[in-house]
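Some notes on the structure that comes next.
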There are 2 protein chains.
Amino acid sequence: MKEKTRNLDPVILLKEVGLSPTMQRVAILRYLLLNRNHPTVNMIYQDIRRKIPTLSKTSVYNSLNLFRKHNLVFTVPTDEDEKHYDLRLTSHSHFICRECRIIYDLKLPKININDEINGHKVEQYDVILRGICNKCKSKKS
Amino acid sequence: MKEKTRNLDPVILLKEVGLSPTMQRVAILRYLLLNRNHPTVNMIYQDIRRKIPTLSKTSVYNSLNLFRKHNLVFTVPTDEDEKHYDLRLTSHSHFICRECRIIYDLKLPKININDEINGHKVEQYDVILRGICNKCKSKKS
DNA sequence: ATAGTTGCAAAGGCTTTGCACCGCG
DNA sequence: CGCGGTGCAAAGCCTTTGCAACTAT
């Protein structure tokens, strides 16, 4: 089975869902395309501000919430206060290190989920693994 | 394979992990034992306040954070702002309705996760399903 | 003109922190 | 007395909202 390939140009992605590709939006979406690091609003803001010094945090929030409505980005379900954003161009799981809090992408064998479970209509699922990542493990020894 | 049965007495549970069973802590833990509804701090607070009117929200926070440190309770990874608490006496998954935001427990076939993936030490995993629950589905029709 | 965007400032909401008080060994 | 636990008040953050200025069609 082949993953559907999607266009990786932020401008085209935005147009596809009917959003005007403003400088800010393109920059934010491009950041997400280039940095697959599940960033927080602040990480995105701090980075793009170097190129667009007038960028406001509000616009980052606005854009990301818009992107979410259009299923361009998703949030990684964590138990942290800050939201972490994710593109999901391919289906994958996440490993969260309880030491350094870094979120790693993981390719797990797909699990079979019915479209309907206990009468609930299932649209999406996430698998989150937790533990100690390899870097933190070696730091300790 | 049999699930390990655990004592369901809040006092004993607290003592087992070395926490003194104060009135507040017992009440909070008992609430979680009796109400498997993935409550927020506020839900717990509002309920117990009826019996212990002097209870403070701070104490609810203090207790729950303590319980978490001792692995008595966990938080359900959602993308909401309020944390939802869960006991996990048995391993189960969660279904979150994107309409009413209710979190349902789900018994899914266990998935096989290695203790180590990509060099990361896996200690725990969560499966979160999302969609529309049966109640909200029928409301719409 | 008109609708859509941006960004500052303020508000809102959840959680943590500081600290005084209380109770119990 | 000393220690742990509680709870009020305040602070801290993340996020949203209100709104005025701006842009582009």
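Convention: sequence-line order gives letters A, B, ...; per-chain numbering from 1.
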### Task
Would you please name every residue forming a salt bridge (charged side-chain N to carboxylate O under 4.0 Å, His left out) with B:Asp81, sequence neighbours left out?
A:Lys83
### Query
Taking atom C1' of C:dT16 as reference, at what distance in whole Å does atom CG of B:Leu64 sit?
14 Å
### Query
Linking I/L/V/M/F/W/Y whenever their side-chain heavy atoms sit closer than 4.5 Å, directly or via other members, would A:Met43 and A:Ile103 fall into one cluster?
no
### Task
For B:Tyr125, check side chain to side chain contact (heavy atoms under 4.5 Å, CB included) against everything at least two apart and list the hits.
A:Leu129, B:Lys110, B:Ile111, B:Ile113, B:Val127
### Query
Which pairs pass ring-ring contact (aromatic ring centres under 6.0 Å, His included) with one or both residues in residues 28-51 of chain B, sequence neighbours excluded?
B:His38-B:His94
### Message
Does anything in residues 18-29 of chain B come within less than 4.0 Å of DNA chain D? Heavy atoms only, and list the residues if so.
### Response
B:Ser20, B:Thr22, B:Gln24, B:Arg25
Please write out the pairs of protein N or O atoms and N or O atoms of nucleotides 22-25 of chain C separated by less than 3.5 Å, giving the distance to one decimal.
none

### Query
How does protein reach along nucleotides 8-15 of chain D, written 5' to 3' as B (base within reach of a heavy atom under 4.0 Å), S (only sugar-phosphate), or - (no contact)?
BB----SB
### Task
Please identify each residue that fulfils salt bridge (charged side-chain N to carboxylate O under 4.0 Å, His left out) with A:Lys135, with sequence neighbours left out.
none
### Side-chain ion pair, B:Asp47 and B:Arg30, N-O less than 4.0 Å
no
### Task
Take atom CG of A:Leu14 and atom P of C:dT5, then tell me their distance rounded to the nearest Å.
11 Å
#### Entry: Co-members of the apolar cluster containing B:Phe74 [side chain, <4.5 Å]
none
## Note on the structure
Whole-Å distance, B:Glu80 CD to C:dG12 P, equals 21 Å
#### Entry: Check ion pair B:Lys15-B:Asp9 (N to O, under 4.0 angstrom)
no
### Query
Does A:Phe67 have any ring pair (Phe, Tyr, Trp, His ring centres under 6.0 Å) partners at least two apart in sequence or in another chain, and if so, which?
none
### Query
Mind checking whether A:Lys107 and A:Ser91 have side chains closer than 4.5 Å, heavy atoms only?
yes
### The single option from A:Asn65, A:Ile44, A:Ile48 passing side-chain contact (heavy atoms from CB on, under 4.5 Å) against A:Val60
A:Ile44
### Message
B:Glu82: which residues meet the side chain to side chain contact (heavy atoms under 4.5 Å, CB included) condition with it, sequence neighbours left out?
### Response
B:Thr40, B:Asn42
### Query
Who are the side chain to side chain contact (heavy atoms under 4.5 Å, CB included) partners of B:Arg101, not counting sequence neighbours?
B:Asp79, B:Glu80, B:Ile96, B:Arg98
Protein N or O to nucleotides 20-25 of chain D N or O, pairs below 3.5 Å:
none

